[in-house]
Amino acid sequence: MSAVGAAPIRPRRTMLYVSADIERHLEKAPTLAADSLIFDLHEAVAADAKGRARDRVAAALRRGGFRGQELVLRTNAPDTPWLADELRLAAELPIDAVLFTGLDSADAVAAAQRALDAAGGSHLPIMLMIESPRAVLNAAAMAEAGDRVTCLVVSNANLMVSMRLPETADRVGLLASLSLVVLAARAGGIGCIDGAHLDVADARACEYACRQSRDFGFDGKAVIHPVQLAYTNDAFTPKAKDLEKKRAVVAAMEEARREGRPYALKDGKLLQPSVYEAARRCLALAEAIEQRARQFGVE
């Protein structure tokens with residue numbers, strides 16, 4: 001069971017930011033067990049190094065050696081002088097998606113897709129940073145603004161600054177915004193990724209944030225350092241006891257369907273078609289995660 005519906009499930013438990021201007025990070029990236037790698041031309045690169053960063057990331061991507069990671073190029077904002085060159089480069093590179101930053105409306109998303117298409121990138125899926133109050137409020141429209149939008153990626157840091165929020169361990173000031181992003185993504189049938197935890201030294205706080213993200217319904221979390229990969233991947237990986245329950249749900253529902261019933265009773269609980277589909281999706285995700293582990297030689 002590798003898919004639910006027409007599209008295969010691609011795990012995005014971890015999306016690791018990789019500076020496009022640091023050679024050692026680019027060289028190490030293929031060996032890292034992130035589900036997605038975001039090659040960052042935006043905040044991770046100084047203004048006077050943008051051209052050099054484009055050259056370095058192009059060389060790294062063409063050099064290859066990746067192990068099934070989703071490869072994403074993060075661009076600068078539309079009002080910068082670098083975007084046009086970045087879109088032309090994206091169209092030529094062996095990448096899986098472009099991550100746009102600085103967009104906050106459906107019109108802006110449509111314009112960005114047109115610019116990408118004009119640069120030769122009409123084959124590339126699009127991801128969107130959600131990093132401002134306006135973007136949060138417009139997230140549902142943005143998710144459906146282009147026919148190739150596949151994922152919303154939150155920037156917690158930028159969103160907190162623009163909302164004038166204090167830093168708190170429970171992120172209470174962000175909870176409404178995070179829920180709106182998840183709702184927008186699910187309404188649009190696309191993925192959603194929570195923003196990175198910036199305190200690399202505090203593993204416990206990062207683990208808490210990961211589990212909070214999972215419980216909100218996010219597919220995964222952005223990561224800024226490889227040390228965060230193991231416990232972030234773990235937080236978004238279905239556990240064996242949960243998979244056992246999902247298999248039991250699938251078995252009960254399929255037996256009911258064979259008997260002509262659209263629902264089943266198991267352990268006194270009513271199982272409906274939506275529960276069946278959720279269980280099938282969880283099992284398909286677990287299978288895709290197992291495949292990712294095999295690509296890294298992990299049993």
Side-chain angles (χ1 to χ4, degrees), residues 12 15-17 19-20 38-47 50 72-83 86 97-113 115 126-146 149-188 190-200 202 205-206 208-210 212-213 215-225 228:
R12 291 191 181 107
M15 299 188 80
L16 174 65
Y17 285 103
S19 173
I38 300 175
F39 296 95
D40 192 1
L41 290 165
H42 179 40
E43 291 173 318
V45 179
K50 299 292 186 183
V72 181
L73 188 70
R74 185 190 186 196
T75 68
N76 284 279
D79 60 354
T80 66
W82 308 295
L83 181 62
E86 291 166 358
V98 172
L99 173 58
F100 281 101
T101 192
L103 308 181
D104 62 9
S105 69
D107 287 344
V109 174
Q113 179 168 312
I126 292 169
M127 299 181 179
L128 306 173
M129 294 295 303
I130 303 297
E131 51 192 334
S132 70
R134 186 181 297 275
V136 170
L137 294 174
N138 289 333
M142 292 170 67
E144 301 185 49
V149 177
T150 61
C151 192
L152 304 180
V153 182
V154 177
S155 171
N156 287 332
N158 291 343
L159 189 54
M160 288 179 69
V161 169
S162 59
M163 292 177 66
R164 304 177 189 173
L165 296 176
E167 291 187 21
T168 60
D170 59 9
R171 300 192 296 170
V172 64
L174 280 180
L175 299 188
S177 297
L178 297 178
S179 290
L180 285 171
V181 173
V182 174
L183 283 168
R186 299 307 176 224
I190 64 174
C192 55
I193 304 298
D194 190 15
H197 183 79
L198 300 183
D199 189 348
V200 175
D202 193 340
C206 186
Y208 172 80
C210 290
Q212 185 188 52
S213 302
D215 293 345
F216 262 92
F218 283 99
D219 299 306
K221 192 168 178 65
V223 174
I224 60 170
H225 193 284
Q228 299 173 325

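Positions are given from 1 along the sequence.
The shortest distance between side-chain heavy atoms of C192 and I190 does not fall below 4.5 Å. Within the 4.5 Å cutoff, the side chain of V154 has no heavy atoms near those of the I193 side chain. At a threshold of 4.5 Å between non-hydrogen side-chain atoms, the residues D40 and S19 do not count as touching. When side chains are defined from C-beta on, R171 counts as touching D194, because their heavy atoms get closer than 4.5 Å. Between L128 and C151, every side-chain heavy-atom pair lies at or beyond the 4.5 Å cut-off. Counting heavy atoms from C-beta outward, F216 and V181 have side chains that stay 4.5 Å or more apart. Taking 4.5 Å as the limit, every side-chain heavy atom of V109 sits out of range of all side-chain heavy atoms of F100. Side chains of H225 and Y17 form no contact here, defined as non-hydrogen atoms less than 4.5 Å apart.
The minimum heavy-atom distance between I224 and A196, with the atom names listed, is CG2-CB, 3.5 Å. When all heavy atoms are compared, the tightest approach of A106 to A141 is CB-O, 3.8 Å. Minimum interatomic distance between S213 and K221 (heavy atoms only, all atoms of both residues): OG-NZ, 3.8 Å. Nearest heavy-atom pair across M129 and L99 is SD-CD2, 3.5 Å. Closest non-hydrogen pair, P133 versus L159, comes out as N-CD1, 3.8 Å. Annotation for L198 and A157: closest pair CD1-CB, 3.7 Å, computed over non-hydrogen atoms.
Between E86 and K50 there is no salt bridge, since no side-chain N of the basic residue sits under 4.0 Å from a carboxylate O of the acidic one. Here R12 does not pair with D219 in a salt bridge; the nearest charged N to carboxylate O distance is not below 4.0 Å.
Between the CG atom of N138 and the CG atom of D107 there is a distance of 9.5 Å, given to the nearest 0.5 Å. Of the inter-residue distances, the one linking M163 atom CE with S132 atom OG reads 10.5 Å to the nearest 0.5 angstrom. Within the model, atoms CG of L165 and OG of S177 stand 7.5 Å from one another, a figure rounded to the nearest 0.5 Å. Once rounded to the nearest 0.5 Å, the distance linking CG of N156 with CG of L174 reads 5.5 Å.
Residue R134 places its CZ atom among 12 or fewer non-hydrogen atoms of other residues, nucleotides or ligands, all under 6.0 Å distant. Enclosure of atom CD in E43 by more than 12 non-hydrogen atoms of other residues, nucleotides or ligands within 6.0 angstrom is indicated.
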Step-by-step side chain to side chain donor-acceptor pair (under 3.5 Å) determination, T168 to D170 = CA-CA 5 Å; T168 60; D170 59 9; 3.0 Å; yes

message = Evaluate M127 against L152 for side-chain contact (heavy atoms from CB on, under 4.5 Å), listing each step before the verdict.
response = CA-CA 6 Å; M127 299 181 179; L152 304 180; over 6 Å; no

ask   = Would M142 and L137 count as a side-chain contact (heavy atoms from CB on, under 4.5 Å) if you check the C-alpha gap in whole Å, the side-chain angles of each, and the deciding distance to 0.1 Å?
value = CA-CA 10 Å; M142 292 170 67; L137 294 174; over 6 Å; no

Check against side-chain contact (heavy atoms from CB on, under 4.5 Å), V182 and F218 = CA-CA 6 Å; V182 174; F218 283 99; 3.7 Å; yes

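Between E131 and T101, the side chains place a donor N or O and an acceptor N or O closer than 3.5 Å (distance only, hydrogens not considered).
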